[in-house]
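Presented below is the structure to which this report refers.
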Amino acid sequence: MLDYKLGSYIDSHDAVVRIHFAPTHGYEEHVGSKTTLRIFNAYSFTNNNWMPNQLSYVFYIAEPDESFTAAMVQEYNSKRENHYNYIYKIFKKLKKSTKETRHCYVADYLKNHKEIDYILGMDYDYLVVNPSIGIEKFIQPGVNIVFNTRFLNNEIAIGSYLVRNTEWSINFLYGLSQMNNKIPPHGFKNRDNGALHIYLLGIIKPQATSEYTKCYEAWRQSVNLVTYDKYVRCVQTALGPPRNWGNVSILHRGHGWFVDFFILKKN
């Protein structure tokens, strides 16, 4: 690359993709300075202290043996005037049986890092829909946590949320983690994703006690995807259409930042 001075030509493109930690500082004349998307594998992502300076988005590719990594966390710093500075953390790998405790890790991290404004958690099997849209576009004034509606079945997804560093958010995540103890035994409950729905119903509409009881019973009786979808519809009927409820916002299907990997793989 040093034999050619293509920096201006590279920066003239709408999008510039860089792999791993390929440097630009000091080599702008040869490789340019613009970075729209930077792709890592698990090793380079977790074994390097490099921190991006001006970056629209970083897409993290998880290795197959990291299938139970709790969450990919993106710390969002909103204090920059002209651009956004993203710092990346990986929470330690958890066993499948304790996957729900990832929400405790997020809450603890927020509690111990008051300088952080937002955390974006993403499961390893989610893909960014449009990397040209920065995460800051999904921040809503006064909202403490933002969820996505899944493309597949209108389920509110637990695998990725944008959470604001507030006392309310920390308590919300601790409470969500404790829902693990309320997951009914036997049948198909979809673990913490199932728990999220009934938890949100209790948080958003605490007065809807009859609807809560009805939906929890539907969850308790769920034995497969068909009956689980009935439970999800029960909660969604009680909540109403996805929207901003103040502390919680649920984005409409197709309006979020991710899509399940298996959907793209299938097609």
Side-chain angles (χ1 to χ4, degrees), residues 66-73 89-112 119-126 144-150 153-239 245-250:
E66 293 191 78
S67 58
F68 298 124
T69 296
M72 185 273 279
V73 175
K89 301 288 183 183
I90 288 284
F91 286 150
K92 71 176 185 180
K93 189 183 302 183
L94 302 178
K95 294 181 180 179
K96 187 175 182 180
S97 61
T98 61
K99 189 176 181 182
E100 289 74 17
T101 61
R102 59 180 170 176
H103 312 304
C104 275
Y105 280 91
V106 177
D108 287 343
Y109 199 87
L110 289 171
K111 188 175 182 180
N112 296 324
I119 282 181
L120 171 69
M122 284 187 70
D123 275 357
Y124 80 102
D125 55 352
Y126 286 170
N144 284 310
I145 191 163
V146 182
F147 290 99
N148 288 238
T149 302
R150 300 179 81 167
N153 58 355
N154 283 323
E155 183 183 38
I156 304 168
I158 189 65
S160 183
Y161 48 76
L162 180 62
V163 58
R164 183 183 175 198
N165 195 353
T166 65
E167 184 176 355
W168 187 95
S169 299
I170 293 169
N171 291 332
F172 176 91
L173 292 172
Y174 283 142
L176 177 58
S177 182
Q178 292 170 5
M179 285 297 296
N180 183 36
N181 300 321
K182 298 183 180 181
I183 297 177
H186 313 299
F188 181 79
K189 316 303 178 189
N190 208 13
R191 301 178 62 80
D192 57 341
N193 215 137
L196 173 65
H197 288 73
I198 198 70
Y199 182 62
L200 283 174
L201 179 56
I203 292 291
I204 295 173
K205 292 192 173 182
Q207 74 282 3
T209 54
S210 60
E211 290 88 347
Y212 186 98
T213 301
K214 177 184 176 181
C215 293
Y216 186 87
E217 181 62 19
W219 190 32
R220 190 185 69 82
Q221 295 182 11
S222 175
V223 294
N224 52 39
L225 279 173
V226 174
T227 52
Y228 176 76
D229 284 344
K230 291 181 179 179
Y231 157 66
V232 170
R233 288 197 298 271
C234 178
V235 172
Q236 291 178 339
T237 299
L239 288 176
W245 279 279
N247 286 311
V248 179
S249 179
I250 302 174

Which residues share a ring pair (Phe, Tyr, Trp, His ring centres under 6.0 Å) with Tyr174, sequence neighbours left out: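 If we apply the ring pair (Phe, Tyr, Trp, His ring centres under 6.0 Å) test to Tyr174, skipping adjacent residues, there are no hits.
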field: Any residue meeting ring pair (Phe, Tyr, Trp, His ring centres under 6.0 Å) with Trp168, in chain and number order, not counting sequence neighbours
entry: Phe172
- request: Give a yes or no on whether Gln207 atom CD has more than 12 heavy-atom contacts from other residues, nucleotides or ligands under 6.0 Å away.
  value: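 It does: Gln207 CD has more than 12 such atoms within range.
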Do [X] and [Y] come close enough that some side-chain heavy atom pair is under 4.5 Å?
X	Y	value
Tyr161	Val106	yes
Pro206	Tyr212	no
Asp192	Asn180	no
Ile158	Arg191	no
His197	Ile156	yes

Do [X] side-chain atoms and [Y] backbone N/O form a donor-acceptor pair below 3.5 Å?
X	Y	result
Thr237	Arg233	yes
Asn144	Asn247	no
Lys189	Ala195	no
Ser169	Arg164	yes

message: Under the rule for salt bridge (Lys or Arg N to Asp or Glu O under 4.0 Å), what residues qualify as partners of Glu211, not counting sequence neighbours?
response: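 Glu211 satisfies salt bridge (Lys or Arg N to Asp or Glu O under 4.0 Å) with no residue once adjacent residues are dropped.
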Not counting sequence neighbours, which residues clear side-chain hydrogen bond (donor to acceptor under 3.5 Å, both in side chains) with [X]? List them please.
X	value
Asn154	none
Asn224	Thr227
Thr149	none

field: Nearest heavy-atom neighbours spanning Leu201 and Ala238
entry: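 Scanning both residues completely, I find the closest heavy atoms to be CD1-CB, 3.7 Å.
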Would you list the pairs meeting salt bridge (charged side-chain N to carboxylate O under 4.0 Å, His left out) in which at least one residue belongs to [range], sequence neighbours left out?
range	value
residues 220-229	Glu217-Arg220
residues 154-163	Arg150-Glu155
residues 174-184	none

statement: Residues pairing under disulfide bond (SG atoms under 2.5 Å apart) where one sits in residues 153-201, two or more places apart or in two chains, turn out to be none
query: Does any pair with a residue in residues 157-237 pass disulfide bond (SG atoms under 2.5 Å apart), and if so which ones, sequence neighbours excluded?
result: Cys215-Cys234
Euclidean distance, [Y] [atom2] relative to [X] [atom1], rounded to 0.5 Å:
X	Y	atom1	atom2	answer
Leu200	Trp245	CG	CH2	8.0 Å
Leu196	Ile250	CG	CD1	7.5 Å
Leu173	Ile170	CG	CD1	8.0 Å
Leu176	Tyr199	CG	OH	6.0 Å

query: Quick one: side chain to side chain contact (heavy atoms under 4.5 Å, CB included) partners of Asn112, sequence neighbours excluded?
result: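 For Asn112, the residues satisfying side chain to side chain contact (heavy atoms under 4.5 Å, CB included) (neighbours in sequence not counted) are Asp108.
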task: Any chance you could lay out the side chain to side chain contact (heavy atoms under 4.5 Å, CB included) test for Val232 and Asn190, step after step, and finish with the verdict?
output: CA-CA 11 Å; Val232 170; Asn190 208 13; over 6 Å; no
query: What is the ring orientation for Tyr231 with Tyr228, classed by angle as parallel under 30°, tilted 30 to 60°, or perpendicular over 60°?
result: tilted
